4 protein chains.
Amino acid sequence: MARGINKVILVGNLGGDPEVRYMPSGNAVTNVTLATSESWKDRQSGQQQERTEWHRVVFFNRLAEIAGEYLRKGSKVYVEGSLRTRKWQGQDGQDRYTTEIVASEMQMLDGRGGDSGGYSQPDPMGYGQPQGQPQGGQPRQQQRPAPAPQQQPQQPPAPDMDSFDDDIPF
Amino acid sequence: MARGINKVILVGNLGGDPEVRYMPSGNAVTNVTLATSESWKDRQSGQQQERTEWHRVVFFNRLAEIAGEYLRKGSKVYVEGSLRTRKWQGQDGQDRYTTEIVASEMQMLDGRGGDSGGYSQPDPMGYGQPQGQPQGGQPRQQQRPAPAPQQQPQQPPAPDMDSFDDDIPF
Amino acid sequence: MARGINKVILVGNLGGDPEVRYMPSGNAVTNVTLATSESWKDRQSGQQQERTEWHRVVFFNRLAEIAGEYLRKGSKVYVEGSLRTRKWQGQDGQDRYTTEIVASEMQMLDGRGGDSGGYSQPDPMGYGQPQGQPQGGQPRQQQRPAPAPQQQPQQPPAPDMDSFDDDIPF
Amino acid sequence: MARGINKVILVGNLGGDPEVRYMPSGNAVTNVTLATSESWKDRQSGQQQERTEWHRVVFFNRLAEIAGEYLRKGSKVYVEGSLRTRKWQGQDGQDRYTTEIVASEMQMLDGRGGDSGGYSQPDPMGYGQPQGQPQGGQPRQQQRPAPAPQQQPQQPPAPDMDSFDDDIPF
DNA sequence: TTTT
DNA sequence: TTTT
């Protein structure tokens, strides 16, 4: 039961490949970062401005497996979920807080995925090939660039797997 | 000012090219139909079932022009708006009601758009590639057509342009 | 599985008491009408205008029972669901279509509902009646306090006012 | 223009009175914390569990003034906005990040606000105070009634119960 | 997933 | 770190 509504809807692109981990229970946990951006014309300078917002999204269980399998760096994705602020200890022993979107629904919005390898097994989600892409001409090579090494600014540690409760309410 | 929240969020594909009209004031009004679908396994038969829902979306003013310019049959699009039920007279003189989504925000989710040039070749299927296909290394035949363009049952007349109020609050 | 997103979020007041029916299977189906309204100042006349939109909402199964039990005419409610257009035959034998919101989530937003019973004493917590309580003719004791205000852990400093840009795009 | 969608919808209660500040430009900035909570039954212990999530919400400009004027500790409110993660320096000189919801829309969901003053008379309409009205210590006259319940025009018949499918996918 |  |  919920008292209140805590809902997030994102459409954005993955900043890197998903990171999949497994809990002792065997359940999967997948983390991605998602970029959304806005651009507008600055009133004073008349300059075009842009701001990118980065979101930390976490998937659990079945959704974590699907995300790990189908999403790739650059994938465009719809994510629906809820906000959760999680506490962790910095190396200096101080408390830190990180806000994440705990996904409850995910939908791929492009068919590239970003993975050149393609599927060797059937597509459990029935996802896969893109809708809305021009179909003439030659199918093109998958262009996913090599995984960029990436420093997260202030990387919070991965959540302690043992502290996860399979009964997390979503 | 609003009393209450009336919000719709859709991600779907256009059933046809947008229809753009102009009000006497010169403001544009664009109509599209948008398909969303769900599939699930029937409990009894074990059969895969699918249901496609068709939404009537209307854009006004600047958004109407952008929609008219960039959207095409098959385009995948994010639409945010509000519900409005509109009354009209059937040929038999009887009242009829049609519910539409009045769009307040729109975002194209496939990359063809954005370019006013559009297609230089026709899309043979009328859509672009469907979603829901496996993506193996070998491009394969399109197996499931995207939601078939179809005559909307009971086509309500286009809204009477003169009855539109430029002050509609959105 | 879904191809596309079909989501509606409403906050409004019930136009009448819920109508509960039961399917042959014993499952409940509850219908309500929900009002949302907007008001704005007309540009030309300078008059305050108001438009009320009526939404047909249908609940199934367990949600239908809860809605039938706790909602009343005038109740303020949050509803999340999806659009569904349903075909039916008019008395003249002609097809008609009605668009409804099929609710997937519901939350009561007042503790008094539309029942005139209401509060007879002031609310000592400064909160009002918690959600999810029955709202029959007899007001009853508050049993679950609303979330207690508490100190935020790790209060970040207020943003530096000078760093704000008036052109922030929202 | 946006590339991507960054949308948050919250319904919750204020943890404290709003904090209003003014920018050098004279524009207002108002901060509140908002609680949403979930409760569920733990699978193993069978115990009822509850988790409250606290959200930092910031309002700008006109919305900041309205929030500062009408919201109070305990107020139930609908907030729509977008996520923004803001960087700041801890006392130890280290970077910290705080995620906030930048509100673009706000609606009060109770007529009493958090002010214990509340109503001294019963609500004749069975509705409660309309939104958007001042709610200071002195209750004032209700000026705009909530949307009047009214007969729906063109009532379609109730759905034929036998045609419902228990497997409807939601 | 659970609850009202 | 993404995308156009």
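First the proteins, then the strands, lettered A, B, ... as listed; each starts at 1. From a predicted model like this one, the values you see are computed outputs, not experimental measurements.
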Review point. Is A/Thr36 touching bases, backbone alone, or none of the nucleic acid, heavy atoms closer than 4.0 Å?
Key: nothing

Exercise for review: Would you indicate what C/Ile66 reaches in the nucleic acid, counting non-hydrogen atoms under 4.0 angstrom: base, sugar-phosphate, or nothing?
Suggested key: base

Exercise for review: Figure out the CD/P separation between C/Glu65 and E/dT4, and round it to whole Å.
Suggested key: 11 Å

Exercise for review: Round to a whole Å and report the spacing from CD1 of A/Ile5 to C1' of E/dT4.
Suggested key: 12 Å

Practice item. Could you check if a side-chain atom of C/Val32 sits within less than 4.5 angstrom of a side-chain atom of C/Val77, using non-hydrogen atoms only? Key: no

Practice item. Could you tell me the separation between the CG atom of D/Asp42 and the P atom of E/dT3, rounded to a whole number of Å? Key: 13 Å

Point to revise | D/Trp54 side chain to A/Thr85 side chain, donor-acceptor N/O pair below 3.5 angstrom | key: no

Study note, to complete from the structure: Separation of E/dT1 atom C1' from C/Leu63 atom CG, nearest Å, is 14 Å

Exercise for review: May I ask you to decide if D/Gln44's main-chain N or O and D/Asp42's side chain share a donor-acceptor pair within less than 3.5 Å?
Suggested key: yes

Exercise for review: Rounded to the nearest angstrom, tell me the gap between atom NZ in D/Lys41 and atom C1' in E/dT3.
Suggested key: 9 Å

Check your understanding: So which nucleotide from E/dT3, F/dT3, F/dT1 ends up closest to the side chain of A/Lys73?
Key -> F/dT1

Check your understanding: Is the backbone N or O of B/Gly74 less than 3.5 Å from a side-chain atom of B/Asn13, with the two atoms forming a donor-acceptor pair by type?
Key -> yes

Exercise for review: Under 4.0 Å between any heavy atoms, over every strand shown, what does A/Leu34 touch: base, sugar-phosphate, or nothing? Just pick one.
Suggested key: nothing

**Study point:** Presence of donor-acceptor pair under 3.5 Å, side chain of A/Thr33 and base of F/dT1
**Key:** yes

Practice item. Could you check whether A/Trp54 and the base of F/dT1 form a stacked pair, meaning centres closer than 5.5 Å and planes differing by less than 30°? Key: yes

Point to revise | Spacing of A/Arg56 atom CZ relative to F/dT1 atom C1', expressed in whole Å | key: 12 Å

